[in-house]
Engineer: 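Quick one: the structure is below, questions incoming.
Residue numbers start from 1 in every chain, and the chains themselves are labelled A, B, ... in the order their sequence lines are given, proteins ahead of strands. Everything quoted here is computed from the prediction, not taken from an experiment. Side-chain atoms are counted along with the backbone in the values below, which use heavy atoms only and exclude waters and symmetry mates.
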Number of protein chains: 2
Amino acid sequence: MALSREKILDTAFSVLNQYGLADLSMRRLATELNVAPGSLYYHIRNKQELLASLASRMLSAVHCTGDTEAISLYNGTQELYTQIISIPEGAEVIRLALALHPEDLPFLCKLAELFAHQRDDISGMVAAKSLIHLCLSLIEEEQTTAVLEARETMLTPPSSYQTSIQALIHGWLSTECS
Amino acid sequence: MALSREKILDTAFSVLNQYGLADLSMRRLATELNVAPGSLYYHIRNKQELLASLASRMLSAVHCTGDTEAISLYNGTQELYTQIISIPEGAEVIRLALALHPEDLPFLCKLAELFAHQRDDISGMVAAKSLIHLCLSLIEEEQTTAVLEARETMLTPPSSYQTSIQALIHGWLSTECS
DNA sequence: ACCTGAACACCGTTCAAGT
DNA sequence: ACCTGAACACCGTTCAAGT
């Protein structure tokens with residue numbers, strides 16, 4: 001069967017899941033696909049683009065809904081945690097995409113909308129970015145400390161995650177801080 | 001003159017400042033020091049340890065003082081920005097050290113103290129980590145977008161940095177969120 | 001259009017052997 | 001004690017040449 005962008009992304013995702021980001025090299029990917037390293041470059045521009053596409057995939061399954069804006073924001077961060085925590089270095093990969101093309105991430109735009117809808121005197125995008133950055137940092141920390149302590153990651157958000165996120169959302173939505 | 005840990009760190013810092021993290025390789029460092037690559041390993045365990053030491057150096061110049069706890073926290077984040085923003089990939093380097101040995105960073109412990117002193121019903125360390133993570137993410141974003149847009153970094157914190165940090169500090173210190 | 005082979009210019013780390 | 005030389009096992013990317 002012929003090589004394709006989709007096949008490359010599928011394999012990349014499986015290598016990331018099974019062996020981690022350190023093992024996700026173009027050459028390793030080519031070996032896994034029984035193909036010469038150069039072949040990959042007919043379908044993708046470079047490694048950075050591949051990782052950005054991988055990040056979009058990961059985030060496509062994360063939604064944020066709830067009865068109120070504040071609850072939707074909170075639920076979004078909870079879903080983000082549960083979706084990403086079990087993917088090795090998943091938070092790091094998403095941070096790459098976030099730096100390169102933030103506007104291409106529907107999840108981020110949804111967060112920005114929720115913030116802007118609740119308070120029109122702040123920039124929804126600035127608030128949304130601060131929130132996703134905080135989430136990713138905390139997820140990354142849980143992932144790396146789990147590796148260091150040679151234990152499994154917590155599949156459900158620890159209380160430190162929840163309180164930190166709540167502090168930030170509360171800080172953005174409370175009227176006194178304007 | 002003989003090689004030494006100090007000399008290696010000095011050179012590493014200068015390479016990072018002049019050429020960025022991508023050029024800060026052990027081999028490049030060895031060339032710069034007119035020494036064989038293997039020699040470095042007599043003075044430092046590995047590249048990770050070198051980067052962690054570099055991070056400690058960067059943070060050693062950052063203090064947080066002010067009339068109140070809230071102002072000290074705020075001033076600390078401002079100083080963090082101004083000290084790190086002009087070091088290419090500086091935020092990324094510090095994040096490495098933060099993941100490996102957080103308790104070795106006096107700056108972080110100071111932040112934790114300030115939070116704990118103000119509110120004894122929260123974990124100062126959890127709050128401090130959320131704050132430093134947010135700062136580093138925002139600094140990193142400013143650094144990478146500056147590169148992407150081929151412009152200089154803002155030497156003084158942009159308003160988006162300040163409002164985000166203020167939202168988080170306010171969220172942690174306000175009594176309603178407990 | 002799609003893929004290979006081979007090259008280019010690199011990595012981090014180890015370790016016997018030298019001084 | 002400190003350093004070299006050389007090796008080991010890798011990288012990302014390009015590109016003429018093949019089918």
Side-chain angles (χ1 to χ4, degrees), chain A residues 1-56 88-89 92-97 99-101 144 147-148, chain B residues 1-56 88-89 92-97 99-101 144 147-148:
Chain A
M1 188 199 159
L3 201 56
S4 71
R5 202 188 149 79
E6 276 310 298
K7 246 186 115 180
I8 294 172
L9 282 171
D10 285 347
T11 309
F13 192 63
S14 118
V15 170
L16 180 64
N17 263 296
Q18 286 178 60
Y19 308 99
L21 192 56
D23 280 44
L24 181 48
S25 69
M26 300 303 273
R27 295 179 108 101
R28 169 69 183 270
L29 218 47
T31 307
E32 210 88 12
L33 286 157
N34 287 116
V35 108
S39 309
L40 301 174
Y41 291 84
Y42 192 85
H43 302 274
I44 56 163
R45 198 187 301 278
N46 51 37
K47 192 179 179 180
Q48 209 172 75
E49 198 228 330
L50 182 136
L51 292 176
S53 299
L54 225 49
S56 290
E89 282 102 45
E92 226 173 306
V93 174
I94 291 174
R95 218 199 306 272
L96 287 176
L100 274 310
H101 341 270
T144 56
V147 170
L148 251 61
Chain B
M1 191 196 155
L3 201 56
S4 71
R5 201 188 150 80
E6 277 310 297
K7 246 186 114 178
I8 294 172
L9 283 170
D10 285 347
T11 309
F13 192 63
S14 119
V15 170
L16 179 66
N17 264 295
Q18 286 179 60
Y19 308 98
L21 193 56
D23 280 43
L24 180 48
S25 68
M26 299 304 274
R27 294 179 107 102
R28 169 70 183 270
L29 217 47
T31 306
E32 211 87 12
L33 287 157
N34 287 115
V35 109
S39 308
L40 302 174
Y41 291 84
Y42 192 86
H43 301 274
I44 57 161
R45 198 188 299 278
N46 51 38
K47 191 178 180 181
Q48 211 171 72
E49 197 228 329
L50 180 136
L51 291 176
S53 298
L54 225 49
S56 289
E89 281 102 42
E92 224 174 309
V93 174
I94 291 174
R95 218 200 305 275
L96 287 176
L100 273 309
H101 342 268
T144 57
V147 171
L148 250 62

Engineer: Run the numbers on Leu96(A) and Gln48(A) for side-chain contact (heavy atoms from CB on, under 4.5 Å), then give the verdict.
Structural biologist: CA-CA 8 Å; Leu96(A) 287 176; Gln48(A) 209 172 75; 5.9 Å; no
Engineer: Taking the P atom of each, how far is dC8(C) from dA9(D), in whole Å?
Structural biologist: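 Straight-line distance between the two P atoms is 22 Å.
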Engineer: Under a 3.5 Å cut-off for both contacts, is dA16(C) paired Watson-Crick or G-U wobble with anything, and if yes, with which nucleotide?
Structural biologist: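 By the stated definition (distances under 3.5 Å), dT4(D) pairs with dA16(C).
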Engineer: Rounding to an integer number of Å, can you tell me how far Leu51(A) CG sits from dG12(D) P?
Structural biologist: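 Result: 10 Å.
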Engineer: Which distance, rounded to the nearest 0.5 Å, do you find between the CG of Leu50(A) and the CG of Leu40(A)?
Structural biologist: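 Nearest 0.5 Å value for the CG-CG distance: 8.5 Å.
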Engineer: Between Ala22(A) and Gly38(B), just flag the one whose closest nucleotide in DNA chain D comes earlier from the 5' side.
Structural biologist: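 This one resolves to Gly38(B).
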Engineer: Can you measure Arg27(B) atom CZ to dC8(D) atom P for me and round it to whole angstrom units?
Structural biologist: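 Interatomic distance, CZ of Arg27(B) to P of dC8(D): 13 Å.
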Engineer: Could you work out which one of dG12(D), dT4(C), dT13(C) sits closest to the side chain of Tyr41(A)?
Structural biologist: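 The nucleotide sitting nearest to the side chain is dG12(D).
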Engineer: Whole angstroms only, please: what is the CG-P distance between Leu24(A) and dC10(D)?
Structural biologist: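 It works out to 16 Å between those atoms.
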Engineer: For Leu29(A) and dC3(C), what is the distance between atoms CG and P respectively, to the nearest whole Å?
Structural biologist: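 To the nearest whole Å, that distance equals 14 Å.
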Engineer: For Glu32(B) and Asp23(B), run side-chain contact (heavy atoms from CB on, under 4.5 Å): C-alpha distance rounded to whole Å, both residues' side-chain angles, the deciding distance at 0.1 Å, then the answer.
Structural biologist: CA-CA 11 Å; Glu32(B) 211 87 12; Asp23(B) 280 43; over 6 Å; no
Engineer: Please report the C-alpha distance between Asn46(B) and Glu49(B) in whole Å, then the side-chain angles of each, then the deciding distance to 0.1 Å, and finally whether the side-chain contact (heavy atoms from CB on, under 4.5 Å) criterion is met.
Structural biologist: CA-CA 6 Å; Asn46(B) 51 38; Glu49(B) 197 228 329; 3.6 Å; yes
Engineer: So, OP1 or OP2 of dC3(D): does either fall under 4.0 Å of a side-chain N or O from Tyr42(B)?
Structural biologist: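 Indeed not, no polar side-chain atom of Tyr42(B) lies that close.
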Engineer: Quick check on DNA chain C: between Lys47(B) and Ser39(B), whose nearest nucleotide comes earlier from the 5' end?
Structural biologist: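 The answer here is Lys47(B).
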Engineer: Nearest-Å distance, CZ (Arg28(A)) to P (dA9(D))?
Structural biologist: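 Taking CZ of Arg28(A) and P of dA9(D), I get 16 Å after rounding.
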Engineer: Send over the distance from Leu33(B) CG to dT4(D) P, rounded to a whole Å.
Structural biologist: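 These atoms are roughly 10 Å apart.
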Engineer: Counting just side-chain N and O atoms, does His43(B) come under 4.0 Å of either OP1 or OP2 of dC3(D)?
Structural biologist: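 For dC3(D), OP1/OP2 do have a side-chain N/O of His43(B) under 4.0 Å.
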Engineer: Which nucleotide wins on minimum distance to the side chain of Ala2(A), given the candidates dC3(C), dG12(D), dG12(C)?
Structural biologist: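 Selected nucleotide: dC3(C).
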Engineer: Which of these nucleotides, dT13(D), dT13(C), dC11(D), is closest to any side-chain atom of Met26(B)?
Structural biologist: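 For the Met26(B) side chain, the nearest candidate turns out to be dT13(C).
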Engineer: Rounded to the nearest Å, what distance is computed from the CG atom of residue Leu40(A) to the P atom of nucleotide dG5(C)?
Structural biologist: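 Nearest whole value for this atom pair: 14 Å.
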Engineer: Asn46(B) has a side chain; which of dG5(D), dT13(C), dG12(D) sits nearest to it?
Structural biologist: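 Output: dT13(C).
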Engineer: Would you mind pulling out the nucleotide paired to dC11(D), Watson-Crick or G-U wobble, both distances under 3.5 Å?
Structural biologist: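 In the structure as shown, dC11(D) has no Watson-Crick or wobble partner.
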Engineer: Side chain of Thr31(A), backbone of Arg27(A): donor and acceptor closer than 3.5 Å?
Structural biologist: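 Indeed, once roles are kept as given, a pair shorter than 3.5 Å links the two residues.
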Engineer: Rounded to whole Å, how long is the line connecting atom CD1 of Ile44(B) with atom C1' of dG12(C)?
Structural biologist: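 Atom-to-atom, Ile44(B) to dG12(C), this comes out as 11 Å.
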Engineer: For a quick check of understanding: with a heavy-atom distance under 4.0 Å over all strands, which category does Ser25(B) fall into, base, sugar-phosphate or nothing?
Structural biologist: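 Contact class for Ser25(B): sugar-phosphate only.
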